[in-house]
K.L.:
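Structure provided below as structure tokens; questions to follow.
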Number of protein chains: 2
Amino acid sequence: MQIDPSSSADLSVQIAQAIKDAIISGDLIVDERLPSEAELSDHFRVSRPTVREALKRLAAQSLIRTQRGASGGAFVNRLSFEDAYAQQVTTSTLLLSMNEVSFDTACEARYALERACAPLSAERRSADQLATMRAEIFRQGQPGLTDVAFCASDVAFHRALVDGAGNPVLSYQLAGAVEAMQPLMNMITFTARDRAVITGLHTRIADAIEAGDGGAAVAGLQDLEDETRKLASDVFAARSGR
Amino acid sequence: MQIDPSSSADLSVQIAQAIKDAIISGDLIVDERLPSEAELSDHFRVSRPTVREALKRLAAQSLIRTQRGASGGAFVNRLSFEDAYAQQVTTSTLLLSMNEVSFDTACEARYALERACAPLSAERRSADQLATMRAEIFRQGQPGLTDVAFCASDVAFHRALVDGAGNPVLSYQLAGAVEAMQPLMNMITFTARDRAVITGLHTRIADAIEAGDGGAAVAGLQDLEDETRKLASDVFAARSGR
DNA sequence: AGAAATCATTTGTCTGACATTTAAAAGTCT
DNA sequence: AGACTTTTAAATGTCAGACAAATGATTTCT
């Protein structure tokens, strides 16, 4: 682990990169303890605050974790699927909110990916996952449910569908697509959306998953996508009409 | 923007979270300048190093950028697709290398997602993207190409296919799936893989894309997945046999 | 032997200072 | 007046040293 003293980049950036490279290359393995901050500042010939800034950069990416106390220190963190989910959702949300992605583009991507999970989910979903889908459909039919709660339930339904594929890599990849859409979907919830239509489609999809009919599930998702896009275009038309 | 003095969490974590929330909620907009480090340390009643650690956490996630000098400071960064790609690839790579994900699981996820792009790509790919696919196939047929270069070309081929869908959100989501697989694919390259079979399948896929036949492209990808999994299982069988 | 007190190590935080970069302001010359 | 140079001020980057707080290990006392 070395840094280039002639580089113009900030020292904390260089140090963070050096440690990151060591982790990716396998020089530092999971749960291995890094040298203490004092030792690192000796090694890189920089002050302790500079080392700390580098370590905080790595901690922000869940690459390390720190612990105080006698046998404490910084440890290489095993990147969990859970941590990766959270990062994925945050990044996707910001990406969508900051880049004026059209609703159609986001919608297309989301449903294209979700349809990829449907056949696997129809084949493998657990009873528990199917029960979750049914429970969310039931919740969505309750009168008095707020728009925000309806959207959250919608997301939970789709999460269960995706998780049904039993492939954690797929679930991780889809996390951003499904969850980051929630704010965009909120955008159209405030209009007179017909919840019965949505829950009807959800029921069709759940039935297909229960029957193990991947093709029908894909078709149901296709109809749901069409419905969602129609709703959005109505909203946009109404807005520009005003 | 406030922090909870009674919380046991590290101050720099709390401050980073408070600023992050302000960005996500829209209180801080893209390119807006944050208060200077001195002003932030006054506001949160902490020292400047603590504020700096918080800012470095945010910078590590590309949420802010900093600039030195008179009119410098920390600015809310527009999260670009490029930055998001890079984060996605790094996270996916670490996730796969640290969690003993089976080859089958990763392979299934990758091809399931890629097949979701194929019909869109068949419909919309630009001439340039098709040319890239053809060029990579040509490169893959060159004798003397190293295994590493073959893999890189393989990735470039699939990237062109995905980008052909003309949906940046989809390209972003797929970046991790396609690029993070490269190390795993390297794992099986060192055996006597028949490149002609692979390039033959690539040609079939490119032909389908050129003809605008999404179904054929999906079928080609399915065969490629089957071939890849067969190769991998052969390798694993040979290893355990030794 | 077991509980309590002490100690050493490590991260978390603070204070204050200086270095470096950068844009704007001030000054100078033509 | 206008263009160029110099100065200045503001901001981040880096450093040094110190104390606080947490935590496991060690020692001491009962």
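In the text below, chain A, chain B and the rest are named by the order of the sequence lines, each starting its count at 1.
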K.L.:
Would a distance-only check, ignoring hydrogens and angles, find a side-chain to backbone donor-acceptor pair under 3.5 Å from A:E39 to A:S36?
P.N.:
yes
K.L.:
Please tell me whether A:E82 and A:Q87 have a donor and an acceptor in their side chains that are separated by less than 3.5 angstrom.
P.N.:
no
K.L.:
Counting side-chain heavy atoms from CB outward, which of C:dT21, D:dC15, C:dT13 is closest to B:L11?
P.N.:
C:dT13
K.L.:
Quick one: which of D:dA21, C:dC14, D:dT14 gets closest to the side chain of A:R68?
P.N.:
D:dA21
K.L.:
Which of the following nucleotides, C:dC14, C:dT13, C:dA8, is nearest to the side chain of B:V46?
P.N.:
C:dC14
K.L.:
Any luck finding a side-chain donor-acceptor pair between B:Q14 and B:D10 under 3.5 Å?
P.N.:
no
K.L.:
Mind running a 4.0 Å heavy-atom check of residues 31-43 of chain B against DNA chain D and sending the residues that fall below it, in number order?
P.N.:
B:R33, B:S36, B:E37
K.L.:
Are B:T228 and B:E225 close enough that a side-chain donor and a side-chain acceptor fall under 3.5 Å?
P.N.:
no
K.L.:
Show your working on side chain to side chain contact (heavy atoms under 4.5 Å, CB included) between A:N77 and A:D83 and close with a plain yes or no.
P.N.:
CA-CA 11 Å; A:N77 197 34; A:D83 286 341; 3.9 Å; yes
K.L.:
Quick one: does A:E108's side chain have a donor or acceptor within less than 3.5 Å of a partner on A:T105's backbone?
P.N.:
no
K.L.:
What's the closest nucleotide to the B:A70 side chain, out of C:dA23, D:dT14, C:dT15?
P.N.:
C:dA23
K.L.:
For the side chain of A:T50, counting heavy atoms from C-beta on, which of D:dG13, C:dT11, D:dT14 is nearest?
P.N.:
D:dT14
